[in-house]
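Take a look at the structure below.
Atoms within each ligand, like the ligands themselves, are counted from 1 in listed order.
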Amino acid sequence: MPDQALQQWVDEVAALTTPDNVHWCDGTDEEIGRLYDMMVEDGVLVRLDSEKHPGSYYARSDINDVARVEDRTFICAATEDEAGPTNNWVAPAEMHAMIDPLFNGCMAGRTMYVIPYLMGPPGSPMAKVGVEITDSPFVVANMRIMTRMGQVAVDELGEDGDFVKGLHSTGNLDPEQRYISHFPDENLIMSFSSNYGGNALLGKKCFALRLASVMARREGWLAEHMLILGLTDPEGNRTFVAAAFPSACGKTNLAMLVPPDSFIEAGWKVETIGDDIAWLKFGDDGRLYAVNPEAGFFGVAPLTSEETNPNALASCRANTLFTNVALLPDNTVWWEGLCDPPAEATDWKGNPWTPESEDPAAHPNSRFTAPASQCPCISPDWESPEGVPISAIIFGGRRSSTTPLVYQARSWQHGTYVGATMTSEKTAAAVGGLGELRHDPMSMLPFCGYHMADYWQHWLDVGERGGDNMPEVFHVNWFRRDESGSWLWPGFGENIRVLKWIVDRVGGGGDAVESPIGWLPTPEAVGFDELGIGDAAGEALLEVDSEEWLAEANGRGEYLAGFGEKLPAAIREENDALITRLQSSD
Ligand code: OXD
Ligand code: MN
């Protein structure tokens with residue numbers, strides 16, 4: 001028996017959108033089997049080779065619907081001030097007046113699917129229920145992988161439970177009619193005219209980050225754009241870390257890191273809890289615990305390979321949806337960086353492709369949607385209702401210069417400032433401005449559902465509450481280049497050397513030297529000698545150039561001033577203190 005409020009909302013939406021049928025999704029194998037058969041028959045999906053990719057399908061999106069659309073994403077808080085300067089704001093009534101009519105009759109001739117889903121492990125006090133209504137069976141299939149769908153969510157909802165409403169329609173995929181609108185005061189998301197994951201799978205960015213960040217502030221927890229991983233040392237000690245990187249900057253790769261042989265032989269082990277979103281709440285012992293609210297990975301395909309991320313490849317071997325990669329004649333898939341290019345393929349636009357073709361075969365933001373349970377290094381605790389205790393929080397940007405490989409913040413307050421002033425080069429995960437350097441605080445620029453300066457204050461408040469129990473904060477940069485443009489750091493599995501230093505620091509060890517920006521490792525502590533990184537590259541990787549950093553800090557000062565009166569004094573003071581330390585370091 002569906003909850004009354006839910007039944008009423010479904011009736012209202014059906015009256016507005018006038019579908020031919022209403023289907024309540026139960027999440028069963030039979031149901032999804034029927035939907036897949038239907039989509040294959042309709043030409044929406046291609047069934048992949050049943051031995052090489054059992055239970056897997058291939059999709060091409062509309063060519064104008066390949067990424068998140070930040071300029072069409074809105075936070076419709078009651079006032080512009082609540083949404084803050086980093087969000088697009090339209091008053092709720094005005095947005096309703098604009099987009100409600102788009103939904104008028106939009107499902108005529110289509111089936112309306114009602115998807116009850118759970119974000120967070122079943123039985124967890126942190127889990128929350130959402131219901132997405134959509135006219136896209138493709139969205140249903142993705143949501144079934146990315147969330148816990150069906151009865152499990154209905155059970156959590158009970159008779160009169162709260163749930164987040166998400167209304168989605170494919171519309172006609174016209175980019176001009178595309179709106180991804182959030183109404184925090186109504187617990188409502190309305191998404192029109194896009195089927196791309198970040199715009200249409202409403203449990204993910206829209207609920208688990210934008211609306212959840214508003215709930216988290218109200219309820220005293222954190223909803224973050226972070227992977228969660230566990231690291232076991234040779235003595236068997238497990239340490240859990242959460243790490244925030246902007247979209248398409250390697251969160252999935254870090255979450256599933258395979259250590260180099262010498263580390264495996266010594267007994268190091270990595271386990272994955274999540275690769276994109278973390279919900280962090282205080283446990284009874286006063287520490288922060290994290291759960292992954294998702295049940296799947298929506299990973300970037302290009303450059304994923306046996307060398308870079310064998311665990312991701314194993315995760316997406318079966319029961320996976322591939323979108324906008326290349327299709328091979330034997331009904332398997334390929335993307336740039338997977339392995340040697342095939343002699344022929346059909347590219348993501350549906351055109352014949354050969355290695356001589358000018359354009360890539362796979363879109364740079366092509367994706368796999370795969371069940372997290374299929375990841376070979378998934379943690380035995382990934383669905384633990386209490387979550388895992390977090391000892392370190394890592395921020396990371398994509399910076400070809402200035403920012404060293406790793407440094408440790410001086411305190412939680414300083415760490416909050418480090419996160420608040422993160423910058424990174426833009427990637428293909430969002431439309432526009434590829435490679436441009438932009439501020440992306442805590443990697444939440446596109447995902448914070450309220451005023452960014454209030455969000456920083458919330459971080460400071462959480463730190464006050466946690467006191468000495470708060471995680472240590474670090475910043476990493478895997479992307480530093482030399483003058484010729486070559487990467488200075490090998491990255492991927494070798495990143496464990498940086499994680500090891502972080503774990504050592506958390507445990508009170510790890511050789512470090514103080515610098516104006518925080519604590520830096522010694523070259524030996526991050527294995528430069530074992531990696532054959534010479535003096536010049538090593539110096540560049542750990543360099544804090546005062547002049548560059550003064551320019552950086554002055555730029556940060558201007559950026560922070562843009563937040564006006566809401567900017568927490570502590571954040572401004574941290575920037576001033578950095579400038580003072582830089583000036584006295586020469
Ligand atoms: C994602 C993103 O898809 O951040 O995770 O865009
Ligand atoms: Mn993401």
task = Kindly indicate whether a cation-pi arrangement holds for R47 with Y57, taking the cut-offs as under 6.0 Å to the six-membered ring centre and within 45° of the axis.
result = no

ask   = Within 45 degrees of the axis of the six-membered ring of F479 and under 6.0 Å from its centre: does R398 put its NZ or CZ there?
value = yes

query = How about W456 and Y417: are their ring centres within less than 6.0 Å of each other?
reply = no

message = Would you say that C448 contacts R210 through its side chain, given a criterion of any heavy-atom pair below 4.5 Å between the two side chains?
response = no

ask   = Is the Lys NZ or Arg CZ of R60 less than 6.0 Å from the centre of W348's six-membered ring, within 45° of the axis?
value = no

inquiry  = Can you work out which protein residues put a heavy atom within less than 4.0 Å of ligand 1?
reply    = R68, K204, K205, H225, S247, D276, F298, R367, A429, F447

ask   = Can the positive tip of K281 be found less than 6.0 Å from the middle of the six-membered ring of Y289, inside 45° of the ring normal?
value = no

query = So, the side chain of N365 versus the backbone of V66: is there a donor-acceptor pair under 3.5 Å, distance only?
reply = yes

message = Can you count the protein N/O/S atoms lying under 2.8 Å from the Mn ion (ligand 2), leaving waters out?
response = 3

inquiry  = For W412 and W459, take the angle between the two ring planes, folded into 0 to 90°, and tell me which bin it lands in: parallel under 30, tilted 30 to 60, perpendicular over 60.
reply    = parallel

inquiry  = For H225 and K251, which I'm curious about, is there any donor-acceptor pair between the side chains at under 3.5 Å?
reply    = yes

